[in-house]
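Notes follow the structure.
Since this is a predicted model, take the numbers as computed values, not measurements.
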Amino acid sequence: TLLQVGITDKFNSSFTVPTLQGTYNISFAANDTNNNLNGTEKTYFLVIDTINPQVLILNPSSGTSYNVSDVIEISANVTDHTNVSSVNVNLTMPKGTVQVLTLANAFGNKYNNSFSIPNNLQGQYNITFIANDTYNNLNATETTYFVAGDTITPSAFDAKPVNGTNVNVADILEISINTTDNGVINSVLANVTLPNGTVQVLTLNNSAGNKYNNSFTVPNVYGRYNVTYLINDTNNNLNNSITSYFNVNDTIAPQIFNKVPVSGTHYAATSIIEIAANVTDNVQVSTVSATVTYPDGAFEELTLINTAGN
């Protein structure tokens with residue numbers, strides 16, 4: 001019912017337009033005191049949706065830090081007074097590349113998707129949320145960002161030599177380790193600490209797959225050798241927690257050759273003869289002796305001295 005406005009000829013009322021879009025037809029009906037009715041006048045109006053969806057509770061929150069290779073959730077709560085049609089994000093990576101992700105309705109008003117941060121791409125990732133309703137009202141004003149870094153040290157396993165391995169002086173020993181990283185391995189070193197405290201740095205090279213190795217010639221120093229592996233990635237994350245050790249012994253007997261006198265040589269009684277031999281060792285000759293056994297079983301031990309060379 002329309003009510004008269006004051007003493008004018010205007011009659012009006014208020015009407016709250018619902019969310020239902022389309023054409024609303026109005027028919028006027030005016031009646032006087034003599035019951036003369038005019039119901040011929042009509043008009044209409046249109047209801048359209050011009051309200052953008054609301055985008056709330058952005059995830060990740062601005063400035064969140066992650067590691068490269070992390071799998072993260074990107075989400076937002078989206079509401080609309082009609083119906084949400086689609087929710088996407090434009091994800092701008094540190095080098096400017098843009099990746100579009102579609103967020104699916106997880107439950108209620110929440111829309112989300114997962115994103116795997118690339119292994120070798122550190123820096124700031126910018127996110128723009130784009131929400132559209134069924135009447136093409138677009139909200140692209142909500143943004144956030146996160147920062148990806150690399151603080152993960154390389155992993156290492158299968159260090160060789162195995163702890164307690166026994167080797168000899170002059171042996172050629174393989175020193176190796178297997179290592180992996182979420183990014184890229186930059187260098188693999190082995191610090192070999194000799195029993196006398198001297199440290200030799202050995203660069204291990206990638207031989208196959210995840211294996212890095214090199215050969216080490218054991219010097220003339222006996223005792224325990226400690227090996228510390230230093231594994232660094234391209235983001236300067238260092239793993240120096242892996243160690244091993246080996247023991248150096250000498251179990252190789254000296255070699256004796258060019259014996260004098262030659263077997264079967266004849267000498268006259270009271271002759272002064274030379275008893276000699278050439279002696280070599282992989283380390284160092286300490287003493288050389290010769291035992292002369294007489295025909296009657298008696299014996300005499302002679303100490304041989306180094307005259308020249310071997």
Side-chain angles (χ1 to χ4, degrees), residues 15-24 45-155 179-187 210 231-239:
F15 175 74
T16 301
V17 179
T19 59
L20 180 63
Q21 298 185 71
T23 302
Y24 287 70
F45 64 90
L46 302 174
V47 174
I48 59 175
D49 179 14
T50 60
I51 301 174
N52 295 332
Q54 284 189 310
V55 180
L56 308 167
I57 313 177
L58 311 183
N59 184 55
S61 57
S62 293
T64 303
S65 295
Y66 296 106
N67 278 307
V68 291
S69 78
D70 280 353
V71 178
I72 68 171
E73 179 190 42
I74 297 176
S75 68
N77 281 29
V78 181
T79 60
D80 190 66
H81 77 289
T82 56
N83 293 303
V84 176
S85 174
S86 65
V87 182
N88 298 314
V89 295
N90 284 354
L91 181 62
T92 304
M93 301 191 190
K95 292 184 178 180
T97 304
V98 177
Q99 181 173 338
V100 179
L101 283 179
T102 298
L103 305 189
N105 186 213
F107 58 87
N109 298 320
K110 182 176 181 179
Y111 292 75
N112 70 350
N113 205 338
S114 60
F115 175 70
S116 181
I117 303 174
N119 278 339
N120 301 313
L121 196 53
Q122 300 181 72
Q124 180 170 314
Y125 288 69
N126 296 311
I127 301 172
T128 300
F129 292 84
I130 303 170
N132 206 349
D133 67 15
T134 51
Y135 295 101
N136 207 32
N137 296 302
L138 188 69
N139 184 345
T141 62
E142 301 302 323
T143 61
T144 186
Y145 74 93
F146 65 88
V147 178
D150 180 14
T151 59
I152 301 174
T153 58
S155 61
T179 181
T180 60
D181 189 61
N182 65 311
V184 178
I185 298 294
N186 182 47
S187 65
N210 299 319
I231 305 158
N232 209 349
D233 66 17
T234 52
N235 293 313
N236 206 33
N237 296 304
L238 177 66
N239 184 346

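What you find for D49 and N137 is that their closest heavy atoms are O-ND2, 2.9 Å. Closest heavy-atom contact between P53 and A131: CG-O, 3.8 Å. Considering every non-hydrogen atom in both S155 and T179, the closest pair reads O-OG1, 2.8 Å. What you find for N132 and N136 is that their closest heavy atoms are ND2-OD1, 3.0 Å. The two residues V68 and I117 have their closest heavy-atom pair at CA-CG2, 3.9 Å. The two residues S75 and L103 have their closest heavy-atom pair at CA-CD1, 4.3 Å.
Distance CZ/F129 to OH/Y111: 13.5 Å, rounded to 0.5 Å. To the nearest 0.5 angstrom, I152 atom CD1 is 9.0 Å from D233 atom CG. For the atom pair OG1 of T79 and NZ of K110, the computed distance is 15.5 Å after rounding to the nearest 0.5 Å. A distance of 11.5 Å separates CG of N67 from CD1 of I72, quoted to the nearest 0.5 Å. How far CG of L101 is from CD1 of I130: 11.0 Å, rounded to the nearest 0.5 Å. Summarising the geometry, atom CD belonging to E142 is positioned 12.5 Å from atom CD1 belonging to I127; distances are rounded to the nearest 0.5 Å.
Side-chain contact check for T134 and S85: no donor-acceptor pair (N or O, by modelled atom type) lies under 3.5 Å. Looking only at atom types and distance, the side chain of T102 has no donor-acceptor partner in the side chain of N113 under 3.5 Å away.
A 4.5 Å side-chain heavy-atom check between V84 and D133 finds every atom pair outside the cut-off. When side chains are defined from C-beta on, Y24 counts as touching P18, because their heavy atoms get closer than 4.5 Å. In this structure, V47 and L20 have side chains that are not in contact, with every pair of non-hydrogen atoms separated by 4.5 Å or more. Using a 4.5 Å cut-off on side-chain heavy atoms (C-beta onward), I74 and P60 make contact. Between N109 and L56 the shortest side-chain heavy-atom distance does not fall below 4.5 Å.
Applying the side-chain hydrogen bond (donor to acceptor under 3.5 Å, both in side chains) criterion to T141, with sequence neighbours excluded, gives N139. Partners of N112 by side-chain hydrogen bond (donor to acceptor under 3.5 Å, both in side chains), not counting sequence neighbours, listed by chain and number: E73.
Of the possible polar contacts, none joining the Q124 side chain to the Y145 backbone as a donor-acceptor pair under 3.5 Å is found. T144 places a side-chain N or O within 3.5 Å of a backbone atom of S62 that can act as its donor or acceptor partner. Of the possible polar contacts, one joining the N239 side chain to the P154 backbone as a donor-acceptor pair under 3.5 Å is found. Listed for the N119 side chain is a donor-acceptor partner under 3.5 Å among the backbone atoms of N182. A distance-only check finds no donor-acceptor pair linking the side chain of N235 to the backbone of N237 [under 3.5 Å].
Residue pairs satisfying the ring-ring contact (aromatic ring centres under 6.0 Å, His included) criterion with at least one member in residues 53-73, sequence neighbours excluded, are listed as follows: Y66-F146.
More than 12 heavy atoms of other residues, nucleotides or ligands shown are found within 6.0 angstrom of CZ on F15.
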